[in-house]
Chemist: 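I have a structure here, written as structure tokens, and I will follow up with some questions on it.
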Amino acid sequence: MWGLCAFISNGIQLIIVNNCKESVWPGILGNDGHPTLAEGGFHLSNGEQTVIEVPERWSGRIWPRQGCCFDQSGKGSCQTRDCAGRLQCRGIGGVPPATIVEMTLGTANSALHYYDVSLVDGFNVPVSMVPVGGGVGCGVAACEANLNICCPSTLAVKRQEKVVGCKSACLAAKSDKYCCTGEFANPKRCKPTIFAHFFNVICPRAYSFAYDDASGLKTCRASQYLITFCPPH
């Protein structure tokens, strides 16, 4: 493992670590108006890490893919969060369910960095985002438990009899009530479902439904963030 101190710079860096027993293929997507970093995807074997330089005020998301197989041209498929059969997602968000790391690293109105680990699109791999330094008040965003082990059968996604993902209630029901859309697209009408409560009990530092800001949203102003797939738990 490389020492974190070796990468201190004036910009913002994401140190992405695969602590899982199996390979992970991170996918990356910039939000509207923001670049897609690292061509949108790459491979990390067990114990491997990489460092990505991030522009100021970058906004986007990172997610883990597992069970992938690609040929030399980068074409293939993944069991979870596949992005059109590509190694490099290049602007494609991928098919849920998957655990998502979301971030907005400053805006024109605020120097603060906002970030979270979201289960709104379901779950596939435990993930954490931890600031390196940053001072008092910096939060840890995380779902460190393996929800696949205890996923309700109505939400479970299986490949070859193995649970590889756990759907959110929105993904399973596809209704405005569960997705916080339509007439439910506001904090007063959008309430956590029994499945959101299930996610929240096991992963209290992650978003369990669309308006779960109190549990999920974290803030900081650090120069480095450590994103770990399968963090120690």
Side-chain angles (χ1 to χ4, degrees), residues 27 29-32 34 59-65 80-82 93-107 109-110 112-131 137-158 163-220 225 227-231 233:
L29 178 67
N31 291 339
D32 288 347
H34 296 269
S59 181
R61 53 179 50 195
I62 298 174
W63 64 90
R65 294 173 289 170
T80 58
R81 200 67 188 195
D82 185 69
V95 179
T99 321
I100 306 292
V101 180
E102 302 172 312
M103 66 196 77
T104 295
L105 303 178
T107 68
N109 298 320
S110 174
L112 277 176
H113 299 162
Y114 296 86
Y115 53 97
D116 65 83
V117 168
S118 174
L119 305 176
V120 174
D121 279 351
F123 171 93
N124 65 337
V125 176
V127 181
S128 66
M129 181 169 174
V130 181
C138 288
V140 173
C143 180
E144 297 157 314
N146 185 359
L147 292 178
N148 291 337
I149 295 174
C150 51
C151 182
S153 59
T154 53
L155 303 180
V157 176
K158 294 184 177 181
V163 177
V164 297
C166 190
K167 295 179 182 179
S168 65
C170 170
L171 187 61
K174 294 185 172 71
S175 72
D176 286 346
K177 179 179 179 180
Y178 289 117
C179 295
C180 296
T181 52
E183 64 178 303
F184 295 93
N186 63 77
K188 291 184 178 180
R189 294 298 308 275
C190 177
K191 302 299 180 183
T193 66
I194 186 172
F195 299 112
H197 283 302
F198 162 73
F199 283 159
N200 184 255
V201 167
I202 301 174
C203 291
R205 294 190 290 185
Y207 264 87
S208 59
F209 70 105
Y211 291 99
D212 195 13
D213 291 354
S215 297
L217 189 62
K218 311 300 178 185
T219 59
C220 192
Y225 292 89
I227 296 173
T228 306
F229 300 119
C230 302
H233 178 56

Chemist: Can you give me the closest heavy-atom contact between Val117 and Ser128, atom names plus distance?
Modeler: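 Minimum heavy-atom separation between Val117 and Ser128: CG2-CA, 4.5 Å.
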
Chemist: Are Ile227 and Met103 side-chain neighbours, meaning at least one heavy-atom pair lies under 4.5 Å?
Modeler: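 A side-chain contact exists here, since the closest heavy-atom pair is under 4.5 Å.
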
Chemist: If I compare all heavy atoms of Gly139 with all of Pro131, which pair ends up nearest, and what's the gap?
Modeler: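 Taking every non-hydrogen atom into account, O-CD, 3.3 Å.
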
Chemist: What is the distance from atom CG of Leu29 to atom OG of Ser59, rounded to the nearest 0.5 Å?
Modeler: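 It is 10.0 Å, given to the nearest 0.5 Å.
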
Chemist: Are more than 12 heavy atoms, taken from residues, nucleotides or ligands other than Tyr178, located less than 6.0 Å from that residue's OH atom?
Modeler: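 12 or below, so no.
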
Chemist: Say you draw a straight line from CG of Asn146 to CG of Asn124; how long is it, rounded to the nearest 0.5 Å?
Modeler: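 Reported to 0.5 Å precision, the distance equals 9.5 Å.
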
Chemist: How close do Val127 and Val101 get, heavy atom to heavy atom, and via which atoms?
Modeler: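 Heavy atoms only, the tightest pair is CG1-CG2, 3.3 Å.
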
Chemist: Write down the atom of Ala169, the atom of Phe195, and the distance for their closest heavy-atom approach.
Modeler: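 Result for this residue pair: CB-CD1, 3.7 Å.
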
Chemist: To the nearest 0.5 angstrom, please state how far the OG1 atom of Thr193 sits from the CG atom of Asn200.
Modeler: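 Answer rounded to 0.5 Å: 11.0 Å.
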
Chemist: Could you check whether any side-chain N or O of Thr99 sits under 3.5 Å from a backbone N or O of Pro126, counting only pairs where one atom can act as donor and the other as acceptor?
Modeler: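 Between the backbone of Pro126 and the side chain of Thr99 there is no qualifying donor-acceptor contact (under 3.5 Å).
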
Chemist: Looking only at heavy atoms, which two atoms of Pro97 and Gly122 are closest? And how far apart?
Modeler: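 Shortest heavy-atom separation between Pro97 and Gly122 comes out as CB-CA, 4.0 Å.
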
Chemist: Measuring from Asp116:CG to Thr104:OG1, what's the distance to the nearest 0.5 Å?
Modeler: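 One finds 8.5 Å between CG of Asp116 and OG1 of Thr104.
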
Chemist: With side chains defined as the heavy atoms from C-beta onward, is the minimum distance between Phe199 and Cys143 less than 4.5 Å?
Modeler: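 Sidechains of Cys143 and Phe199: no contact.
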
Chemist: I need the minimum non-hydrogen distance between Arg81 and Pro64, along with the two atoms involved.
Modeler: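 Closest heavy-atom pair between Arg81 and Pro64: CB-O, 3.9 Å.
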
Chemist: Side-chain contact, heavy-atom cut-off 4.5 Å: Val130 with Thr228?
Modeler: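 Contact flag for Val130/Thr228 side chains = no.
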
Chemist: Ring centres under 6.0 Å, that's the criterion: do Tyr225 and Tyr115 meet it?
Modeler: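 Yes, they do, as the ring centres are separated by less than 6.0 Å.
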
Chemist: Do Leu119 and Ser168 touch side chain to side chain, with heavy atoms closer than 4.5 Å?
Modeler: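 When only atoms from C-beta onward are counted, Ser168 and Leu119 do not touch, as no gap falls below 4.5 Å.
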
Chemist: Give a yes/no on whether the SG-to-SG distance for Cys170 versus Cys180 is below 2.5 Å.
Modeler: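 The sulfur gammas are not closer than 2.5 Å, so no.
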
Chemist: Measuring from atom NE2 of His197 to atom NZ of Lys191, what distance do you get when rounded to the nearest 0.5 angstrom?
Modeler: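 Reported value, rounded in 0.5 Å steps: 10.5 Å.
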
Chemist: How long is the span from the CZ atom in Phe184 to the OG atom in Ser175, to the nearest 0.5 Å?
Modeler: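 That separation rounds to 7.5 Å.
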
Chemist: Under the criterion side-chain contact (heavy atoms from CB on, under 4.5 Å), which of Asp121, Thr80, Val120 is the partner of Pro96?
Modeler: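 So the option named by the test is Asp121.
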
